[in-house]
Amino acid sequence: MGRGDLTAAQWAVLEPLLPVGKKPGRPPKWPKRQLIDGIRWRTRTGAPWRDVPVRYGEWETVYGLFRRWQRDGTWARILKKLQARADAKGLIIWEVSVDSPVTRAHQHTAGARKRGICR
């Protein structure tokens with residue numbers, strides 16, 4: 001288990017939220033937990049997909065799962081369920097505060113020299 005991999009407690013919370021495969025046939029070569037750890041490694045480091053360590057599975061398989069779940073909305077459903085669970089336990093504070101003291105303007109607005117005009 002790597003430093004950033006899911007713990008047993010985290011996996012116990014996440015596993016029931018994952019979609020169940022509907023296709024009969026050959027069992028998957030890589031367990032879902034391993035592939036999800038690979039996805040988490042890649043998003044945490046920002047490395048290219050091809051650099052995902054082999055211990056998480058083949059990079060094509062890791063990317064394939066990520067992309068398939070992104071397209072069909074699985075990640076969004078998992079996030080909603082996790083947020084609902086955390087909200088029910090009172091772990092989320094839904095306050096929004098916006099502070100915007102900096103307003104940026106175009107350089108010409110600030111008095112910069114314009115082309116063709118000499119002062």
Side-chain angles (χ1 to χ4, degrees):
M1 185 167 113
R3 184 171 54 108
D5 292 351
L6 291 169
T7 64
Q10 291 169 332
W11 180 247
V13 171
L14 183 62
E15 188 177 21
L17 305 177
L18 301 179
V20 179
K22 299 175 185 172
K23 294 182 181 179
R26 184 174 15 161
K29 184 176 177 181
W30 303 97
K32 288 274 191 282
R33 181 176 181 170
Q34 200 169 354
L35 296 174
I36 290 172
D37 281 337
I39 293 168
R40 294 179 70 240
W41 180 90
R42 193 274 175 186
T43 56
R44 187 174 57 251
T45 62
W49 285 104
R50 289 181 182 265
D51 292 343
V52 172
V54 179
R55 71 176 181 264
Y56 296 123
E58 298 164 354
W59 75 266
E60 296 96 336
T61 309
V62 175
Y63 173 73
L65 179 69
F66 170 77
R67 191 71 178 127
R68 188 169 58 250
W69 283 7
Q70 183 183 35
R71 286 182 178 155
D72 69 9
T74 300
W75 293 120
R77 285 191 296 277
I78 291 171
L79 177 63
K80 282 183 184 180
K81 290 176 185 176
L82 287 173
Q83 284 178 334
R85 182 179 175 149
D87 192 28
K89 290 182 177 182
L91 300 173
I92 297 177
I93 300 171
W94 296 97
E95 294 178 7
V96 178
S97 176
V98 178
D99 182 17
S100 181
V102 177
T103 304
R104 298 193 185 266
H106 192 270
Q107 62 186 2
H108 296 149
T109 310
R113 197 174 123 196
K114 297 179 181 149
R115 293 185 192 176
I117 299 176
C118 297
R119 292 186 183 177

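Heavy atoms only: backbone and side chains are in, while hydrogens, waters and symmetry mates are out.
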Value rounded to 0.5 Å, distance of [atom1] in [X] from [atom2] in [Y]:
| X | Y | atom1 | atom2 | result |
| --- | --- | --- | --- | --- |
| Leu82 | Asp87 | CG | CG | 12.5 Å |
| Leu18 | Trp11 | CG | CH2 | 5.0 Å |
| Lys29 | Leu35 | NZ | CG | 11.0 Å |
| Thr61 | Gln34 | OG1 | CD | 10.5 Å |
| Lys81 | Leu14 | NZ | CG | 10.5 Å |

Search all heavy atoms of Val13 against all heavy atoms of Arg85 and return the closest pair with its distance. CG1-NH1, 3.6 Å
Where is the tightest heavy-atom contact between Asp5 and Tyr56, given as atom of each residue plus distance? OD1-OH, 2.8 Å
Residues 73-80 side chain polar contacts: donor-acceptor under 3.5 Å, at least two apart:
from, atom 1, to, atom 2, distance (Å)
Thr74, OG1, Asp72, OD1, 2.5
Thr74, OG1, Asp72, OD2, 3.4
Thr74, OG1, Arg77, NH2, 3.1
Trp75, NE1, Phe66, O, 3.2
Arg77, NH1, Asp72, O, 3.1

Side-chain heavy-atom pair Pro19, Trp69 within 4.5 angstrom cut-off: yes
How would you list, by chain and number, every residue that makes a side-chain contact (heavy atoms from CB on, under 4.5 Å) with Ala86, sequence neighbours excluded? Leu91, Ile92
Which residues satisfy the side-chain hydrogen bond (donor to acceptor under 3.5 Å, both in side chains) test with [X], sequence neighbours excluded?
| X | value |
| --- | --- |
| Glu60 | none |
| Gln83 | none |
| Trp30 | none |
| Arg68 | none |

Donor-acceptor pair, Asp37 side chain versus Leu6 backbone, under 3.5 Å? yes
For Arg50, I'd like to know if atom CZ has over 12 heavy atoms of other residues, nucleotides or ligands within 6.0 Å. no
